**Q** 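Have a look at this one before I ask anything.
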Amino acid sequence: MRPLTAYLVEDSPLIQAELIATLEELLPLQVLGAADNEAAALLWLGQAGHAVDVVIVDIFLKGGSGLGVLRAAQHLRAQVDPRRHWVVLSNYATPDIRRSCLELGADRIFDKSREIEDLIQYCEGLVQTLPGPH
């Protein structure tokens, strides 16, 4: 079975490093790239050769926002990779933010401070549904 592949959009270098280490240690998952701002994320994600199974997005970034990434994801789904799962991981997972993220096409929203285990379980479920190699 191949590992789940992921791309991380997170502005904090510390959280980025810790999240990558945690996910790669606990799951058959490989993080293929990361960005700390909307423009860099969209540049990477928009390239056809950059296929990943799941994109994990924070709401507040160094430039732009996770909502902007999700807005662009609607186009990316149709043009680049319709199989990608879009997940939000934020400290601001309020009911309004959750609703906005779902409206913009997020598959799931997790609170960083309380739902990391839920994110891990979600990713475990994705691993079970993986097709063969890209």
Side-chain angles (χ1 to χ4, degrees):
M1 178 183 308
R2 73 174 178 83
L4 187 70
T5 57
Y7 187 80
L8 182 59
V9 185
E10 166 62 57
D11 65 323
S12 166
L14 179 62
I15 293 173
Q16 205 179 87
E18 289 179 357
L19 189 57
I20 290 169
T22 299
L23 292 173
E24 289 185 344
E25 180 180 328
L26 297 177
L27 296 163
L29 180 144
Q30 180 181 12
V31 176
L32 300 182
D36 63 3
N37 67 79
E38 181 180 339
L42 295 177
L43 179 65
W44 194 93
L45 291 164
Q47 295 179 20
H50 291 167
V52 292
D53 301 305
V54 63
V55 180
I56 302 171
V57 182
D58 189 9
I59 295 296
F60 295 103
L61 304 172
K62 285 189 177 180
S65 75
L67 295 176
V69 173
L70 289 175
R71 202 168 287 113
Q74 295 171 339
H75 170 74
L76 291 172
R77 279 184 200 250
Q79 301 298 319
V80 179
D81 192 350
R83 299 170 296 158
R84 278 185 187 155
H85 295 266
W86 295 85
V87 173
V88 173
L89 180 64
S90 176
N91 283 325
Y92 302 95
T94 65
D96 287 340
I97 290 291
R98 287 176 187 269
R99 187 171 28 263
S100 294
C101 292
L102 291 172
E103 288 171 0
L104 289 171
D107 295 297
R108 292 289 300 270
I109 299 95
F110 299 100
D111 187 300
K112 274 184 198 173
S113 61
R114 296 188 313 258
E115 297 176 325
I116 294 293
E117 288 295 322
D118 295 335
L119 170 64
I120 291 166
Q121 288 177 351
Y122 177 77
C123 290
E124 284 174 341
L126 293 180
V127 168
Q128 303 305 316
T129 66
L130 287 177
H134 287 285

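Just so it is clear, the model here is predicted, and its values are computed rather than measured.
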**Q** Determine the minimum heavy-atom distance between S113 and N91, stating which atoms define it.
**A** N-OD1, 3.8 Å
**Q** Starting from the C-alpha separation in whole Å, work towards a yes-or-no answer on side chain to side chain contact (heavy atoms under 4.5 Å, CB included) for I56 and V9.
**A** CA-CA 6 Å; I56 302 171; V9 185; over 6 Å; no
**Q** Taking the side chain as everything from C-beta on, heavy atoms only, tell me whether V127 gets closer than 4.5 Å to L29.
**A**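 V127 does not reach L29 side chain to side chain.
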**Q** Check A35 against Q16 and note the closest heavy-atom contact, atom names and distance.
**A**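 Closest approach of A35 to Q16: O-NE2, 3.7 Å.
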**Q** Looking at E10 and K112, does any basic side-chain N land under 4.0 Å from a carboxylate oxygen?
**A**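 Looking at E10 and K112, the cut-off is met.
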**Q** Taking side chain as C-beta onward, heavy atoms only, is W86 less than 4.5 Å from L70?
**A** yes
**Q** Under 4.0 Å between a side-chain nitrogen and a carboxylate oxygen: does that hold for D118 and R108?
**A**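 Here D118 does not pair with R108 in a salt bridge, since their nearest N and O are not under 4.0 Å apart.
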**Q** Which heavy atom of L67 sits nearest to which heavy atom of C101, and what is that distance?
**A** CD2-SG, 3.9 Å
**Q** G68 and L42: which non-hydrogen atoms are nearest, and at how many Å?
**A** O-CD1, 4.5 Å
**Q** Begin with the C-alpha distance, continue with both residues' side-chain angles, and end with the deciding distance and a verdict on side chain to side chain contact (heavy atoms under 4.5 Å, CB included) for L27 and L4.
**A** CA-CA 8 Å; L27 296 163; L4 187 70; 5.6 Å; no
**Q** Can you see which heavy atom on T5 is nearest to which on V52, and at what distance?
**A** OG1-CA, 3.2 Å
**Q** Would you call R98 and D111 a salt bridge, taking side-chain N to carboxylate O under 4.0 Å as the test?
**A**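 Result for this pair is no, no salt bridge flagged.
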**Q** Would you call D36 and P13 a side-chain contact if the rule is heavy atoms closer than 4.5 Å?
**A** no
**Q** According to a 4.5 Å side-chain heavy-atom criterion applied to Ile, Leu, Val, Met, Phe, Trp and Tyr, with indirect links allowed, do L43 and L32 form part of one hydrophobic cluster?
**A**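 In one cluster: no.
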**Q** Tell me which one of I116, D58, I109 satisfies side-chain contact (heavy atoms from CB on, under 4.5 Å) with L89.
**A** I116
**Q** Whether K62 and D11 form a salt bridge (side-chain N of Lys/Arg under 4.0 Å from carboxylate O of Asp/Glu) is what I want to check.
**A** no
**Q** For the pair R84 (side chain) and L45 (backbone), establish whether a donor and an acceptor sit closer than 3.5 Å, ignoring hydrogens and angles.
**A**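 Confirmed, R84 side chain pairs with L45 backbone.
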**Q** State, yes or no, whether a side-chain contact exists between L104 and V69 at a heavy-atom distance under 4.5 Å.
**A** no
**Q** Taking C-beta and beyond as the side chain, do I120 and T22 meet within less than 4.5 Å on heavy atoms?
**A** yes
**Q** Taking atom OG of S65 and atom CZ of F60, what is their separation to the nearest 0.5 Å?
**A**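 Result: 8.0 Å between the selected atoms.
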**Q** Is any side-chain heavy atom of L119 closer than 4.5 Å to a side-chain heavy atom of V87?
**A**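 Yes, side chains in contact.
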**Q** Which heavy-atom pair separates V57 from G66 by the least distance, and what is that distance?
**A**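 For V57 and G66, the tightest heavy-atom pair comes out as CG1-CA, 3.5 Å.
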**Q** If Ile, Leu, Val, Met, Phe, Trp and Tyr residues are connected whenever their side-chain heavy atoms lie under 4.5 Å apart, and connections chain through other members, are I15 and V31 in the same group?
**A**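 No, it is not one cluster - the side chains of I15 and V31 are not joined through contacts under 4.5 Å.
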**Q** Hey, can you tell me if W44 and H50 have their rings parallel, tilted or perpendicular (30° and 60° cut-offs)?
**A** parallel
**Q** Any side-chain heavy-atom pair from F110 and V88 closer than 4.5 angstrom?
**A** no
**Q** Answer whether the closest heavy-atom distance between the side chains of D53 and L126 falls below 4.5 Å.
**A**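 SC-SC contact between D53 and L126 ruled out.
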